[in-house]
A.B. asks: 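Got a structure here, written out as structure tokens. Questions coming.
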Amino acid sequence: MQVPPRSSEPNRRAVLGLLAATAAMLTLGVGFTGGRAMAAESVKVGIMAGEDEEIWKVVAAEAAKNGLTVEPVVFSDYVQPNEALVNDEIQANAFQHQPYLDAQIQQHGYKIVPVGYTLVQPIGLYSRKHKNTAEIPEGAAIGIPNDPSNAGRALNLLQAQGLIKLREGAGILATAIDVESNPKNIQIRELDAGIVGRSIDDLDAGVVNTDWALKSGIDPDKERIAQEPLENNPYRNFIAVREDEKDAPWVKTLVAAYQTDAVKDALAKWYKGTTLPAW
């Protein structure tokens, strides 16, 4: 018995269908990264509430010039942006420096990497009761942030001002336990980073992150009595992504959109000179 030849029509239709689907994916900018599909022209970026929202309006406008839609997702604390990133709720975040990320990785095992620097905000010691560190009295209460990286940052600032001495080798992740000399018997009060600034009236002084100082109504020009140095500062903030997406094409576009003169101007306008470009 002679078997009649199969019609090639079904195969031809299947090939045409596959080509059409591929074309549609390319048109929509769908790529595959980390084993999942994602629209490359649109990314969600976790940022902090406040002045940074204005900065990212400028970043979004710059990114749009190169076909990338940036949707800022606003957070009110330092814990959620990394959780949202590893949970695939956002594709990037921009709020942290390396010591903070290192502490988070050590605690949670996050596979998150920096891909481009954004800004640097020198942490400061603020007071409404004393004009300089020499005036800080015996038994003074000084507030510091209670998260690992910023606590170490604050303690190193107090050491640089001669208020305390840390044990040798304590480094940038020093804790209150590492204070080996406290000649003025200063009471170090560890508070949430967002609370220190709002508690300034109840403290002799407080070490406050610049963004929280502005949110708390603190005047850096009038109430800052000390500041960490800018040279060799390890606390430059950056855009971070999941490790498996660090080479995605949209990452370079996003970083380039931030590192522009337009963003430099926005930083100067909205942070009133207290925040500097870090790239």
Side-chain angles (χ1 to χ4, degrees), residues 21-98 100-105 108-121 211 235-267 269-271 275-279:
T22 302
M25 289 172 66
L26 292 173
T27 301
L28 292 171
V30 175
F32 287 91
T33 57
R36 64 180 184 81
M38 190 190 78
E41 283 90 354
S42 181
V43 294
K44 293 181 178 180
V45 182
I47 66 170
M48 299 306 295
E51 290 78 11
D52 220 28
E53 295 176 70
E54 301 298 332
I55 305 303
W56 277 87
K57 289 179 183 178
V58 178
V59 178
E62 293 295 308
K65 296 176 183 177
N66 291 301
L68 180 66
T69 298
V70 174
E71 180 185 342
V73 179
V74 180
F75 295 92
S76 59
D77 67 51
Y78 292 146
V79 175
Q80 296 181 65
N82 279 335
E83 291 182 353
L85 181 57
V86 298
N87 290 332
D88 204 16
E89 297 167 10
I90 55 177
Q91 284 73 56
N93 63 41
F95 77 100
Q96 63 192 324
H97 46 62
Q98 193 65 55
Y100 181 82
L101 178 58
D102 288 345
Q104 289 283 290
I105 290 173
H108 301 288
Y110 292 151
K111 294 186 181 300
I112 297 174
V113 296
V115 291
Y117 286 113
T118 55
L119 53 82
V120 59
Q121 297 177 316
D211 54 342
Y235 298 103
R236 290 182 293 172
N237 284 14
F238 46 70
I239 295 170
V241 302
R242 288 182 297 278
E243 187 175 13
D244 62 356
E245 291 194 335
K246 63 183 176 66
D247 296 320
W250 59 265
V251 172
K252 291 183 178 179
T253 304
L254 179 62
V255 172
Y258 196 104
Q259 296 177 350
T260 60
D261 288 340
V263 172
K264 285 183 180 179
D265 293 341
L267 290 172
K269 174 183 177 182
W270 290 102
Y271 283 104
T275 296
L276 306 172
W279 65 91

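We count residues from 1, following the sequence as given.
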A.B. asks: Scan residues 71-85 for pairs that pass side chain to side chain donor-acceptor pair (under 3.5 Å), counting only residues two or more places apart or in two chains.
C.D. replies: D77-Q80, Y78-D211, Y78-W212, N82-N93, N82-Q96
A.B. asks: Ring pair (Phe, Tyr, Trp, His ring centres under 6.0 Å): which pairs involve residues 79-98, sequence neighbours left out?
C.D. replies: F95-Y100, H97-Y235
A.B. asks: Applying side chain to side chain contact (heavy atoms under 4.5 Å, CB included), can you list everything that pairs with A64, at least two apart in sequence or on another chain?
C.D. replies: none
A.B. asks: For D102, check side-chain hydrogen bond (donor to acceptor under 3.5 Å, both in side chains) against everything at least two apart and list the hits.
C.D. replies: Q98
A.B. asks: Could you report the tightest heavy-atom contact between L101 and P114, atom names first, then the distance?
C.D. replies: CD2-CD, 4.2 Å
A.B. asks: Can you name the nearest heavy-atom pair linking A94 to D52, along with the distance?
C.D. replies: O-OD2, 3.7 Å
A.B. asks: Any side-chain heavy atom of V74 sitting closer than 4.5 Å to one from I47?
C.D. replies: yes
A.B. asks: Run the salt bridge (Lys or Arg N to Asp or Glu O under 4.0 Å) test against E51 and tell me which residues pass, sequence neighbours left out.
C.D. replies: none
A.B. asks: Do K264 and L267 make a side-chain contact, defined as non-hydrogen atoms from C-beta onward lying under 4.5 Å apart?
C.D. replies: no
A.B. asks: With heavy-atom distances below 4.5 Å as the criterion, would you say the side chains of L254 and V241 are in contact?
C.D. replies: no
A.B. asks: Do Y258 and L119 have side-chain heavy atoms sitting under 4.5 Å apart?
C.D. replies: yes
A.B. asks: Return the set of residues passing side chain to side chain contact (heavy atoms under 4.5 Å, CB included) with A256 (not counting sequence neighbours), or none when no residue passes.
C.D. replies: none
A.B. asks: I need the minimum non-hydrogen distance between F75 and A84, along with the two atoms involved.
C.D. replies: CZ-CB, 3.7 Å
A.B. asks: Just to verify, what does T253 make a side-chain hydrogen bond (donor to acceptor under 3.5 Å, both in side chains) with, not counting sequence neighbours?
C.D. replies: none
A.B. asks: How would you list, by chain and number, every residue that makes a side chain to side chain contact (heavy atoms under 4.5 Å, CB included) with A63, sequence neighbours excluded?
C.D. replies: L68, V70, A257
A.B. asks: Do K269 and D265 pass the side chain to side chain contact (heavy atoms under 4.5 Å, CB included) test, and can you show the C-alpha distance, the side-chain angles, and the key distance before you say yes or no?
C.D. replies: CA-CA 6 Å; K269 174 183 177 182; D265 293 341; over 6 Å; no
A.B. asks: What are the two closest non-hydrogen atoms of I239 and A92, and how far apart are they?
C.D. replies: CG2-CB, 4.2 Å
A.B. asks: Got a sec, which pairs hit side chain to side chain donor-acceptor pair (under 3.5 Å) with one end in residues 108-117, sequence neighbours left out?
C.D. replies: Y117-R236
A.B. asks: Can you check side chain to side chain contact (heavy atoms under 4.5 Å, CB included) on V255 and W279, steps first, answer last?
C.D. replies: CA-CA 10 Å; V255 172; W279 65 91; over 6 Å; no
A.B. asks: Is there a side-chain contact between T275 and W270 (heavy atoms, below 4.5 Å)?
C.D. replies: no
A.B. asks: Any side-chain heavy atom of E245 sitting closer than 4.5 Å to one from V115?
C.D. replies: no
A.B. asks: Can you tell me how far apart CG (N87) and CZ (R242) are? Round to the nearest 0.5 Å.
C.D. replies: 9.0 Å
A.B. asks: For E54, check salt bridge (Lys or Arg N to Asp or Glu O under 4.0 Å) against everything at least two apart and list the hits.
C.D. replies: K57
A.B. asks: Can you name the residues that form a side chain to side chain contact (heavy atoms under 4.5 Å, CB included) with T260, not counting sequence neighbours?
C.D. replies: E62, A262, V263
A.B. asks: Of the non-hydrogen atoms in P72 and W56, which two are nearest, and what is the gap between them?
C.D. replies: CG-CB, 4.1 Å
A.B. asks: Could you tell me which non-hydrogen atom of P81 sits nearest to which non-hydrogen atom of I90, and how far apart they are?
C.D. replies: O-CD1, 3.5 Å
